[in-house]
Amino acid sequence: MTAVTLFLADEAALLAVAARLANAAEQITGKPGDAALTIFLYGELGAGKTTFSRGFIQELGHQGKVKSPTYTLVESYDLPNWQVHHFDLYRLADPEELEFMGIRDYLGNNRIILAEWPQRGEGYLPDQDITITIDYADTARSMTLTALTQRGREILDTF
Ligand code: ADP
Ligand code: MG
């Protein structure tokens, strides 16, 4: 399976999907030295990209808050098996700014990249394994997950 669309009646449903995806990612990618995963998050303001990221990061073992990286561009989390780098590139004026902020330092092994507004960083982010698009459906949401790599497909196959 390379794509799946889910209907999410409320925030709890979205957080549950985030947790499932985090567990699948850990199962499939979580071998020491072999762990690298990139997830692009699309959707309008308020769609739920940060909410999804919070659920994902907390499921991987982060105990504290997950702050929106709206102003900092990136928030990083040191977890037992991973470094998670959560980007929000909404305010990026030029993708080249990622070069100046040292994007390469974020691209090593044992890392997961979650990127909101990845289209603003085109050319400077790693290729995405999974693309997630969240759309408004009245007060609920629909979410489409698409795999773009073999690793992404293996993760989505658990859904
Ligand atoms: P984004 O990062 O995409 O701009 P946020 O995650 O910051 O969006 O905000 C999403 C908002 O929508 C939150 O206030 C959340 O409570 C609300 N919300 C309502 N229904 C849902 C749903 N089904 N899934 C996710 N968020 C929802
Ligand atoms: Mg956000």
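One-based numbering, in listed order, for ligands and for the atoms of each.
Near Leu45, with a cut-off below 4.0 Å to any heavy atom, the atoms of ligand 1 are 4 (O). Close approach of ligand 1 to Glu116 is summarised as follows: ligand atoms under 4.0 Å from at least one heavy atom of the residue are 2 (O). Interface of Leu8 with ligand 1, defined as ligand atoms under 4.0 Å from a residue heavy atom, comprises 23 (N). Contact atoms of ligand 1 toward Thr139: 20 (N) (distance under 4.0 Å to a heavy atom of the residue).
Both Ile39 and Leu14 are assigned to one and the same hydrophobic cluster, defined by single-linkage of ILVMFWY side chains at heavy-atom distances under 4.5 Å.
Between Lys67 and Tyr77 the shortest heavy-atom distance is N-OH, 3.5 Å. Residue Ala137 comes nearest to Ser142 through the heavy atom pair CB-N, 4.3 Å, listed as atom of the first residue, atom of the second, then distance. Shortest non-hydrogen contact noted between Pro118 and Ala115 is CD-O, 3.5 Å. What you find for Ser53 and Leu41 is that their closest heavy atoms are OG-CD1, 3.4 Å.
Remark: distances from the non-hydrogen atoms of Gly43 to ligand 1 are all 4.0 Å or more. Ligand 1 has no atom lying under 4.0 Å from any heavy atom of Leu15. The closest approach between a heavy atom of Ala47 and any atom of ligand 1 is below 4.0 Å. Ligand 1 is never approached by Arg54 to a heavy-atom distance shorter than 4.0 Å.
Using a distance-only test at 3.5 Å, with no hydrogens or angles considered, no donor-acceptor pair links the side chain of Tyr42 to the main chain of Gln119. Arg151 contributes a side-chain N or O that, together with a main-chain N or O of Ala36, makes up a donor-acceptor pair within less than 3.5 Å. Proximity of a side-chain donor or acceptor of Arg141 to a complementary backbone N or O of Ala47 within less than 3.5 Å is detected. Judged by distance alone, with hydrogens and angles left aside, the side-chain atoms of Asp94 form no donor-acceptor pair with the main-chain N or O of Glu97 at under 3.5 Å.
Counting protein heavy atoms under 4.0 angstrom from atom 14 (O) of ligand 1 gives zero.
Residue Tyr71 places its OH atom among 12 or fewer non-hydrogen atoms of other residues, nucleotides or ligands, all under 6.0 Å distant.
By the criterion of a heavy-atom distance under 4.0 Å, neither the backbone nor the side chain of Asp88 is placed next to ligand 1. With a 4.0 Å cut-off on non-hydrogen atoms, Glu44 touches ligand 1 through its backbone and not its side chain.
With respect to Thr38, the side chain to side chain donor-acceptor pair (under 3.5 Å) criterion is satisfied by exactly one of Gln128, Arg111, His85: Arg111.
Remark: minimum distance from atom 16 (O) of ligand 1 to any protein heavy atom is reached at Glu11 OE1, 2.4 Å. Given atom 17 (C) of ligand 1, the protein heavy atom at minimum distance is Arg141 NH2, 3.7 Å. Looking only at protein heavy atoms, the nearest one to atom 8 (O) of ligand 1 is Gly48 N, 3.2 Å. Closest to atom 25 (C) of ligand 1, if we only count protein heavy atoms, is Leu14 CD1, 3.7 Å. Scanning the protein heavy atoms around atom 7 (O) of ligand 1, the nearest turns out to be Thr50 CB, 3.7 Å. Of all protein heavy atoms, the one closest to atom 5 (P) of ligand 1 is Thr51 OG1, 3.7 Å. Of all protein heavy atoms, the one lying nearest to atom 10 (C) of ligand 1 is Gly46 O, 3.2 Å.
A salt bridge links Glu11 to Arg54: at least one charged side-chain nitrogen sits closer than 4.0 Å to a carboxylate oxygen.
Taking the six-membered ring for Trp and thresholds of 30 and 60 degrees, Trp117 and Tyr90 have ring planes inclined between 30 and 60 degrees apart.
Counting only distances under 2.8 Å, and ignoring water, the protein N, O or S atoms around the Mg ion (ligand 2) are Thr50 OG1, Glu116 OE1.
Between the side chains of Glu116 and Thr50, a donor-acceptor pair is found at a separation under 3.5 Å.
Figure legend: Arg20 and Phe159 shown as a cation-pi pair, the cationic atom lying under 6.0 angstrom from the six-membered ring centre and within 45 degrees of its axis.
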